[in-house]
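For reference, the structure is listed below as structure tokens.
The chains referred to below are lettered A, B, ... by the order of the sequence lines, with proteins before strands, and numbering in each begins at 1.
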Amino acid sequence: MHIVVDRRPEGVALIDDDGATALVPEPQFAAAVAEREAEHPRWVWTDTAQWYPPLLAAGVRVERCHDLRLVDAIIAGIAGRPARRSWGSAPEPARADTLFDLDGATDAAPAIAAPLAWQQQRAAIAAHADPARLTLLAAAESAGALAAAEMQHTGLPWSAAAHDALLAEALGPRPAPGRRPARLDELATQVEALLGVGPVPIDSPPELVKALRRAGLDVATTRSAELTRLDHPAIAPLLQYKTLSRLHTANGWNWLDEWVHDGRFRPTFVPGGVVTGRWASDGGGALQLPKQVRGAVQADAGWALVVADAAQLEPRILAALSGDAAMARAGAGVDLYAGIVASGAVASREHAKVGMLGAMYGGTTGVSAQVLPRLARSFPQAIGYVEAAARAGERGERVTTRLGRTSPAPSAAWRERQGAAGAEGADESAGRAARSAARSWGRFTRNFVVQGTAAEWALAWMAGVRRRLWTTGAGPLATQPHLVFFVHDELIVHSPLDRVAEVEQVLREAAVEAGRIVFGATPVSFPVTVAAVQRYSDAK
DNA sequence: AAGCCTAGCGCC
DNA sequence: AGGGCGCTAGGCTT
């Protein structure tokens, strides 16, 4: 059963499958949703990120939805048209308004109301080559949007005091606004003294390069990887300065002031924010929380953080995508890389890991390239699958994930470059540029199929965890186990201590179920490592 | 002053 | 000459 939510001048219309319409004044919307939720409908609305937070603020949770905006982005991607950017019942803007709009708005579809969009999306899904998979994708994407809003609403438990303490330990006490922490001052002074070439503007990479060169060091950049190779007494304090400076600027006291309130970090997750279907975040850097500060993520008293991580998710995804039985066998245990070593394909776990990552990213150098032929011999289907995706991208073709998300077509400039290289009279440099661009796009499509399908698995996992934790009528989210964090292949549930065992079971069961949802029957297993801890940093 | 770009580094 | 991101600071342009 569906209920389409349509904002109208006189209130919010709730439209059933049979067309029955209830018009609810805006102030009564949350109460109306709460009442109808008892029927377990799937709410069909334009944008979960717009509709759901006010409901959560009013204490109303929604179990299922269909997010028209997110699903439109998926369908538009498949069709190769731009995603719709405006929603509602607004009439199409006059042509004169858009005629000279060069930012691309002209090829975007006009605003559309929810009921018509819903009708069109159902038709589009039904007409798709694999409606069942696309339906799963729409449901998983939408469930993710609900989870994202709930996680932002509830927040990640965060101890400002612990964060301040670890900053003080690393950097010295909090400095006055605009001042550099004492520890950074010391390190900068040391670097200057040890280089011995006068003042060193340590925060400016171009100036720092000049200073290093004046000191006789042959460097082109200030990247840590390049500096590490140098043998000079100033390098150690310089590298330490960079690490600590990063902590201070990215996740220091200013970050703490801005992002942590009332013991919670509330980032904005952006479902579908990445072209592959991964989530992005907006503000707070939620998906890049450095390990350095994870000690500040602390469960409430009487609660635990149940941290779950899908073990070697991407190579397992590749094994399932490609139907590689040998790689499935290698992944029978919790450590797929160890399984690859045991199969005799490569000599060490590190080689297995670097080789598989290289295969999925398109690495062409170093150890990764060295072990690739061995992996290809042992796992021809898996390696062949990503190679085929790369070749397709190099030809300018689009590729799709397991559930049907489609990669964008290469740009017009890319196609022109390929055409120019093949044209009569084309010079050698045009050919090189074209091949380089082709290989680059091939690396993107190569990775797209794996990263995108892994994102689908993760959405299915998250949705399964959320559904299992769902207990209708059991009170507000914050009184029972609930999701508080997600990073691509990792989930954190904040749980009362006496329900931790149950939550661990839920996380494992949902992982098994996610494999079935995305791949059907597959010999590939998707184990998760689970740890119940007080502090995030204690997991792993 | 604001906007855009790059370098660099954090995460997966 | 290895995929996807977000964020900050510096430095440039407008």
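Separating the CG atom of A:Asp489 from the P atom of C:dG4 is a distance of 18 Å, rounded to the nearest angstrom. The distance between atom CD1 of A:Ile202 and atom P of B:dC9, rounded to the nearest whole Å, is 12 Å. Protein atom CD1 of A:Ile317 is 17 Å distant from nucleotide atom P of B:dC12, rounded to whole Å. At whole-Å resolution of the value, CG in A:Leu244 and C1' in B:dG10 are 14 Å apart. Rounded to whole Å, the distance from NZ on A:Lys210 to P on B:dA7 is 15 Å. Atom CD in A:Glu394 sits roughly 14 Å away from atom C1' in C:dG3 (whole-Å rounding). Spacing between atom CG of A:Leu208 and atom P of B:dG8 amounts to 9 Å, rounded to whole angstrom units. A:Asn251 places its CG atom 10 Å from the P atom of B:dC11, with the value rounded to the nearest Å.
Between A:His488 and A:Phe486, the angle of the ring planes goes over 60°, which puts this pair in the perpendicular group of the 30/60° scheme. A:Phe444 and A:Phe448 have perpendicular rings, their planes meeting at more than 60° on a 0 to 90° scale where under 30° would count as parallel. Between A:His482 and A:His494, the two ring planes are perpendicular [angle over 60°; tilted spans 30° to 60°].
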Where protein sits on nucleotides 5-14 of chain C, one letter per nucleotide: B base, S sugar-phosphate only, - none, heavy atoms under 4.0 Å: SBSSSSS---
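At the heavy-atom level, A:Thr243 lies nowhere under 4.0 Å from the strands shown.
The shortest side-chain heavy-atom distance between A:Leu491 and A:Trp461 falls under the 4.5 Å cut-off. In this structure, A:Val399 and A:Thr406 have side chains that are not in contact, with every pair of non-hydrogen atoms separated by 4.5 Å or more. Residues A:Ser407 and A:Thr400 have side chains not in contact (no heavy-atom distance under 4.5 Å, counting atoms from C-beta outward). Taking the side chain as every heavy atom from C-beta outward, A:Trp253 and A:His248 approach each other to under 4.5 Å. Side chains of A:Tyr536 and A:Trp158 form no contact here, defined as non-hydrogen atoms less than 4.5 Å apart.
The phosphate of B:dC9 has OP1 or OP2 within less than 4.0 Å of a side-chain N or O from A:Lys242.
Other residues, nucleotides and ligands place no more than 12 heavy atoms under 6.0 Å from the NZ atom of A:Lys353.
Across residues 350-388 of chain A, not one residue has a non-hydrogen atom less than 4.0 Å from an atom of DNA chain B. Using a 4.0 Å cut-off on heavy atoms, none of the residues of residues 431-453 of chain A approach DNA chain B.
Under 3.5 Å, the side chains of A:Gln451 and A:Thr276 contain a donor-acceptor pair of N or O atoms. With hydrogens and angles left out, the side-chain atoms of A:Ser429 and A:Asp427 include a donor and acceptor closer than 3.5 Å. A:Tyr52 and A:Glu150 form a side-chain donor-acceptor contact under 3.5 Å, judged by distance and modelled atom types alone.
If you take atom C1' in B:dC5 and the same atom in C:dG2, they sit 23 Å apart, rounded to whole Å.
Taking 3.5 Å as the limit, the base of B:dC9 and the side chain of A:Arg223 contain no donor-acceptor pair of atoms between them.
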